[in-house]
Structures are given as C-alpha cells and as structure tokens.
> 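The structure under discussion is supplied below as structure tokens; questions concerning it will follow.
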Amino acid sequence: MSARTTTAVARRVLTQVRRDHRTLAMLLVLPTLLMTLLWWMYADAGPAFDRLGPALLAIFPFIVMFLVTSVTTLRERSSGTLERLLAMPMGRLDFLLGYAVAFGAVAAAQSAIAVGVSVGLLGLELAGPVWLLAVVAVVDAVLGTALGLFVSAFAQTEFQAVQFMPALVVPQILLCGLLVPRDDMPDVLGAVSDVLPLSYAVDAMAHLTSLSSTGEVWGDLAVVAGFVVAGLALGAATLRRRTS
Amino acid sequence: MMNSTIEVEGLTVVRGGRPVLTDLDLRVGAGVTGLLGPSGCGKSTLLRALVGVQRVAGGSVTVLGEPAGSAGLRHRVGYVTQAASVYDDLTVAENLRFFARVLGVDAGAVERAVEAVDLAGHRDAVAGRLSGGQRSRVSLAVALLGEPDLLVLDEPTVGLDPVLRRDLWELFHGIAERGATVLVSSHVMDEAERCDRLLLMREGRILADDTPAAIKQRAGATDVETAFLTLVEAAA
C-alpha cells in the first residue's frame with residue numbers, strides 16, 4: 001500500500017468531480033432538497049418526520065455514492081485508464097482506497113449540509129449527538145462507494161451499471177426497516193434483512209434518534225464498516241492486471 | 001544474445017476460443033523497432049503480452065530480464081494503447097500531473113513530456129475537447145513521464161499530420177539514442193523506412209525480422225510493401 005498513489009487517485013477524482021459543476025451541485029444539494037420534501041409531506045401529520053428522517057439520511061448518501069462510483073469506475077475500466085494504471089506502480093487496493101477517500105470527502109460535505117438543514121431548520125429531533133449522525137452518514141456513503149466499486153466489475157455498459165441499483169439497492173431499502181419494522185417481517189425476510197448492510201446503517205440512525213447512549217450506534221457502525229472492508233476487498237479481487 | 005530487451009519463447013495467446021498468437025519466438029534489442037502488419041494480425045495482442053496485461057495460454061515473455069508484467073518492470077516500461085487512455089474531463093497538465101504522482105516523478109518530467117509531444121500550447125485544455133491526434137499525443141506524453149527503458153507504442157502515428165508524424169519519429173529515435181528500446185506498431189507500410197529494425201507480422205506469425213534494407217534485398221523489392229507481398233506469397 002502506498003500513501004502517494006492513494007492520495008494521487010483521491011486528488012484526481014476530486015478534481016474530476018469539481019470540474020463537473022452539475023454533478024457537484026446535485027451531489028451537495030439533492031439529499032437536502034429531498035429531506036425538505038419529506039419534512040413538508042409530514043408537516044401536518046405528526047412526528048413521522050422524526051422517525052423517517054434519520055433513515056433517509058442513511059439511505060440518500062448510500063444510493064448516490066453507489067451510482068456515482070459504479071458509473072465512474074466503469075468508465076475507468078472501459079476507457080483503458082485502469083489498464084494503464086495497473087501497468088504502472090499502482091496497487092489495486094491503493095486505487096480503491098483513493099476512490100473511497102475522495103467520495104468519502106464528498107459524502108462528508110453532502111451529509112454536513114443535509115444534517116445541518118434537517119436538525120437546524122427542519123427541527124429533526126435527536127436524542128444522540130449531531131456529529132455522530134454525520135459520521136454515520138459518511139460511513140453509509142463509503143458503503144455505497146465500496147459496493148459500487150464491486151458491482152462495476154460485473155457491468156459492461158453504463159446501462160447495466162445503473163440497473164444494479166434496482167437489483168441491489170432497492171431490496172435493501174425495502175428490507176431495512178423503513179417501511180415495516182424488521183422484527184415484524186416474516187422470519188425469512190427478517191433473516192435476509194439481518195445480513196444486509198443498509199439495515200445496520202438505518203438501525204444506527206434509529207438508535208441515534210431514540211437513545212441518548214451511543215453504544216448501540218457504534219455497534220451498528222462497526223457492522224457497516226465490516227461490510228465496507230469486505231466490499232473493498234471483493235472490489236480489489238475484481239481488478240485484474242491481465243485480461244483476455 | 002544477452003542484450004535483448006525482449007525475449008519471447010513459444011508465446012501462445014487464445015482470445016475468444018480462437019488462437020491469435022501460436023508458438024511465437026521473438027527477440028528485440030535497443031533502437032527503434034517497427035512491428036508492421038495489417039489490422040487484426042495480432043500486433044496489439046503481442047504488445048499487450050509484452051507489457052504484461054494480456055492473459056497468455058503458453059510460452060514465456062521476458063522483458064529487461066524479468067517476466068513481463070513483474071512489479072519491478074512497472075517503473076521501466078511505458079505503454080501507449082491504440083485508444084488514448086487519458087481522462088477526458090481533466091486538462092492535459094492535470095492528466096500528466098496525476099500520472100507523474102503515480103509514477104513518483106517530479107513536476108519537471110511533466111514539462112518535458114508536454115514539450116516532447118508539442119502540446120505546450122494546449123497544456124490547460126481539457127483532453128476531451130482536443131482532436132483525436134492531440135489526445136493520442138497526451139497519451140504518449142504519459143508514457144514518456146517515467147523515462148522508460150522500454151517504450152511500447154500501439155499505432156501512435158495514426159491519423160496525424162505528416163509534419164507531426166516526422167517529429168514523433170525523431171522523438172522515438174531520440175529516446176532510443178539514450179539507450180532505450182522503442183517498439184512501435186503500425187499498419188502503414190511506408191513508416192517502415194523510419195525504423196532501425198522491422199518485424200513483419202501476418203495472421204499471428206512473424207514473417208520477417210531484420211533491417212528494412214535487408215528485408216527488401218532478400219525479397220528483391222524496392223519498397224517494404226512489395227517485400228511484404230513477396231514474403232506472404234513465398235510462405236503460402
């Protein structure tokens with residue numbers, strides 16, 4: 001592992017994001033706009049915003065980073081730049097970590113805005129500390145990045161890459177406890193929900209709103225971080241120096 | 001021959017169930033060597049095998065004394081693919097600075113590479129907005145950054161203005177003069193005269209491996225294209 005090449009990749013990815021003004025604007029503002037829409041929907045409908053809001057703060061960065069990363073990495077594979085990098089002194093894990101660092105930084109900015117507006121302006125009630133909410137959101141975004149890196153290996157075109165979103169992300173949203181509490185699901189689905197990373201991301205957010213102790217939150221975060229490490233390891237295994 | 005940069009023995013490559021290279025033997029030494037042959041004859045596959053990014057079915061490829069693709073070679077081999085492998089949303093200078101950081105070379109190398117491919121006037125232009133020839137020169141500049149001992153170039157002069165093409169061939173010879181090996185593929189036979197040595201390739205086999213003058217003399221031809229035809233007919 002080399003800090004030099006990891007930093008080089010992270011800086012380059014951030015330069016590319018900065019150059020694409022429209023993508024940058026959407027990355028930073030879209031989750032906040034969606035949170036505001038949710039707040040407005042429930043404006044006259046009681047405390048539902050306090051229940052749903054934190055879950056969505058976990059889900060938005062996950063979805064956005066999953067999509068952005070899978071398309072960007074696919075482009076890197078198809079343009080030949082990945083092959084070129086792997087013929088250079090570039091470790092496979094350095095490449096992936098560079099991406100994770102860059103998109104983690106974007107996610108931090110994105111989450112800071114979304115959390116700030118939700119808590120400051122929209123009156124989202126939290127029992128736990130606000131900074132921990134932002135930490136959870138960033139880890140969720142990095143989870144999206146890790147999964148996006150992994151699935152980009154199985155897509156030949158950007159169309160296919162985008163289709164992985166309904167295939168891999170939507171089931172996690174349905175089963176994460178947002179619509180039906182995980183304990184109330186049929187046993188089989190409850191068991192499936194137990195092995196999906198987003199369930200733990202949403203649990204972490206739910207614990208933050210209801211419990212003032214943070215032990216549960218750190219436990220959930222550890223599970224999500226485990227999935228991140230597994231995703232990056234699987235992603236590294238899909239980067240091949242020699243191809244046919 | 002101890003001083004060969006490239007030594008290939010019994011190389012076999014199969015792609016999509018079809019053999020592309022079969023039991024190929026080859027040696028390449030310092031200087032500018034041209035790999036000439038029609039489209040689809042296996043030139044790119046051979047170059048990929050030399051760089052170590054091609055999965056091979058058999059045989060050995062040794063580059064600078066190490067198996068092709070070894071970690072120790074990644075600083076010493078420059079490779080330019082046929083399609084320009086650069087980031088279209090970054091400027092010329094940003095592309096080069098990125099690859100320079102990956103290679104661990106200083107900013108001076110970026111300036112020298114930009115000058116070498118005659119893109120100093122475009123250093124702040126976004127790569128995606130450049131012409132095809134300019135983009136492929138950015139890709140070439142990336143390969144020059146690390147001052148490699150072996151430079152592998154897949155059709156670097158396609159579609160370029162004749163003046164620029166001449167300048168690039170001068171650049172290749174300049175690189176070879178400092179002791180490096182330059183291997184350039186082309187499907188245009190008239191580029192043959194610019195090479196120190198030639199490898200003529202057809203349907204995955206090497207037809208001839210000699211200097212341009214010796215190849216022409218042996219075939220009794222006045223140009224390499226005619227010599228190529230004579231060799232093909234003799235082999236049939």
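Each chain gets a letter, A, B and so on, in the order the sequences are listed, and its residues count up from 1.
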> Could you tell me which portion of A/R19 (side chain, backbone, both or neither) has an atom closer than 4.5 angstrom to a non-hydrogen atom of chain B?
side chain

> Taking B/L96 as the fixed residue, which of B/V110, B/V117, B/L144 is the one that meets the side chain to side chain contact (heavy atoms under 4.5 Å, CB included) rule?
B/V110

> Identify which part of B/R97 has an atom lying under 4.5 Å from any heavy atom of chain A, answering side chain, backbone, both or neither.
neither

> Between A/T81, A/T5, A/T15, which has the largest tally of heavy atom pairs under 4.5 Å with chain B?
A/T81

> Should the pair B/F98 and B/Y87 be assigned to parallel (<30°), tilted (30 to 60°) or perpendicular (>60°) ring geometry?
perpendicular

> For B/T91, is it the side chain, the backbone, both, or neither that has a heavy atom closer than 4.5 Å to a heavy atom of chain A?
both

> Around atom CZ of B/R178, are there more than 12 heavy atoms of other residues, nucleotides or ligands at under 6.0 Å?
yes

> Taking every non-hydrogen pair under 4.5 Å, which of B/R76, B/R15, B/R48, B/H75 racks up the most with chain A?
B/R48

> Taking everything shown except A/R241 itself, do over 12 heavy atoms lie less than 6.0 Å from its CZ?
yes

> Between B/T45 and chain A, which part of the residue has a heavy atom less than 4.5 Å away: side chain, backbone, both or neither?
neither

> Name the option with the most non-hydrogen atom pairs under 4.5 Å to chain A; the candidates are B/G104, B/G69, B/S85.
B/S85

> What option among A/L85, A/D94, A/D20 has the most heavy-atom pairs under 4.5 Å with chain B?
A/L85

> Would you call A/R77 and A/E83 a salt bridge, using N to O less than 4.0 angstrom?
no

> Give, as side chain, backbone, both or neither, the part of B/A84 having an atom under 4.5 angstrom from any heavy atom of chain A.
backbone

> When you measure from the side chain of B/Q134 to the backbone of B/S131, do you find a donor-acceptor pair of N or O atoms at a distance under 3.5 Å?
yes

> Can you tell which part of A/L86 gets under 4.5 Å to a heavy atom of chain B, answering side chain, backbone, both or neither?
backbone

> Measuring heavy-atom distances to chain A, does B/V51 have an atom under 4.5 Å in its side chain, in its backbone, in both, or in neither?
side chain

> Can you tell which part of B/V80 gets under 4.5 Å to a heavy atom of chain A, answering side chain, backbone, both or neither?
both

> Is it true that atom CZ of B/R129 has more than 12 heavy atoms of other residues, nucleotides or ligands lying nearer than 6.0 Å?
no

> Side chain, backbone, both or neither: which part of B/E94 has a non-hydrogen atom closer than 4.5 Å to chain A?
side chain

> Aromatic rings B/W169 and B/H173: how do their planes relate, parallel, tilted or perpendicular, breaks at 30° and 60°?
tilted

> Under the criterion salt bridge (Lys or Arg N to Asp or Glu O under 4.0 Å), I'd like the reasoning laid out for B/R135 against B/D88: C-alpha separation, chi angles, the key distance, then a yes or no.
CA-CA 9 Å; B/R135 281 178 76 238; B/D88 278 344; 3.0 Å; yes

> Determine the option with the most heavy-atom pairs under 4.5 angstrom with chain A, choosing from B/T81, B/V142, B/V86.
B/V142

